[in-house]
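Heads up: numbering here begins at 1 and tracks the sequence. Just so it is clear, the structure is predicted and the values come from calculations on it, not from any experiment.
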Amino acid sequence: AGEASSNFTVLRAFRVFRILKLIRSWKSLQATLKTLWKTLVDLSSFLVILCVFVLIFALVGMQLFGGNYCEIDPKPRTHFDTFNQALVTVMQVITHEDWPLVAFDTMYTTSRYALIYFIIVLVLGDFIVVNSLIAILLSNFDNRKELLDEELTKGRSYGTSKSKGEMPKTEAVARAK
């Protein structure tokens, strides 16, 4: 008896696919999903730039500071001794996740001029690379707002459509804002 009920439970999981039917009939949701897809396509070029940036600064960090962390006991988790850890360390600095500790450990093992490397990574990584990500996201969603405004003006001039499952244009724009 338990096995038969579990088979029906699996079939109930297919109820999730009802959302696909909703997507087909809800035009503003379609516009949002198209905007998300366009954003993901635009982010592919951003990810290439980010990977190149992290790779370059990881290699520079390994060249400048690699092999110097043996003086600290215990050895810190973020260091430039191995390639994998150098990549993680650069990402940690870009995201501002406890980057002063990494900078102080590096300055302790090398010299105080190591801070110049971290300032360059922070300025270029945060203010240029990460802000370009925000610019891509904002521009795509700003374009979506303009499209919804155009639909609103078309809806006022041609009347609102009353097809099955479609909200009037004025409601769709009001809900989007």
Quiz item: For the hydrophobic clusters of this structure (ILVMFWY residues joined by side-chain heavy atoms under 4.5 Å, transitively), does one cluster hold both V60 and I94?
Solution: yes
When the side chains of residues 97-108 are checked against the rest of the protein, which donor-acceptor pairs come out under 3.5 Å, sequence neighbours left out?
unit_1 : atom_1 : unit_2 : atom_2 : d
T106   : OG1    : Y69    : OH     : 2.5
T106   : OG1    : V102   : O      : 2.8

Quick one: side chains of residues 111-130, donor-acceptor pairs under 3.5 Å with protein atoms, not counting sequence neighbours, listed by atom name and distance.
unit_1 : atom_1 : unit_2 : atom_2 : d
S111   : OG     : Y113   : N      : 3.3
Y117   : OH     : F57    : O      : 2.5
D126   : OD2    : H96    : NE2    : 3.3

Quiz item: Can L55 be reached from I49 by stepping across I, L, V, M, F, W or Y side chains whose heavy atoms are under 4.5 Å apart?
Solution: no
Practice problem: Could you tell me whether a side-chain N or O of D81 sits under 3.5 Å from a main-chain N or O of G67, the two making a donor and an acceptor? | Solution: yes
Quiz prompt | Linked, directly or transitively: V93 and L64 (ILVMFWY side chains, under 4.5 Å) | solution = yes
Quiz item: Honestly curious: do M91 and F46 fall in one hydrophobic cluster under the side-chain, below-4.5 Å linking rule?
Solution: yes
Quiz prompt | Closest approach of T78 to Q85 (non-hydrogen atoms, all atoms of both residues) | solution = CA-NE2, 4.0 Å
Quiz item: Just wondering, more than 12 heavy atoms not from K75 lying within 6.0 Å of its NZ?
Solution: yes
Exercise. Indicate the atoms forming the closest heavy-atom contact of A86 with F80, along with that distance.
Key: CB-CD2, 3.8 Å
Quiz item: Roughly how far, to the nearest 0.5 Å, is the OG atom of S44 from the CD1 atom of I136?
Solution: 8.5 Å
Practice problem: Kindly indicate, with the supporting measurements, whether the criterion side chain to side chain contact (heavy atoms under 4.5 Å, CB included) is fulfilled by W37 and V41. | Solution: CA-CA 6 Å; W37 179 253; V41 170; 3.8 Å; yes
Quiz item: Nearest 0.5 Å, what's the NE2-CD1 distance between H79 and I72?
Solution: 10.0 Å
Quiz prompt | Exercise: identify the closest heavy-atom pair between L87 and A58 | solution = CD2-CB, 3.7 Å
Self-check item: Smallest separation among heavy atoms of T35 and N140, with atom names
Solution: CG2-O, 3.5 Å
Exercise. Calculate, to the nearest 0.5 Å, the distance between atoms CG and CG belonging to L133 and L50 respectively.
Key: 8.5 Å
Exercise. Working to the nearest 0.5 Å, report the span between CG of D42 and CG of L47.
Key: 11.0 Å
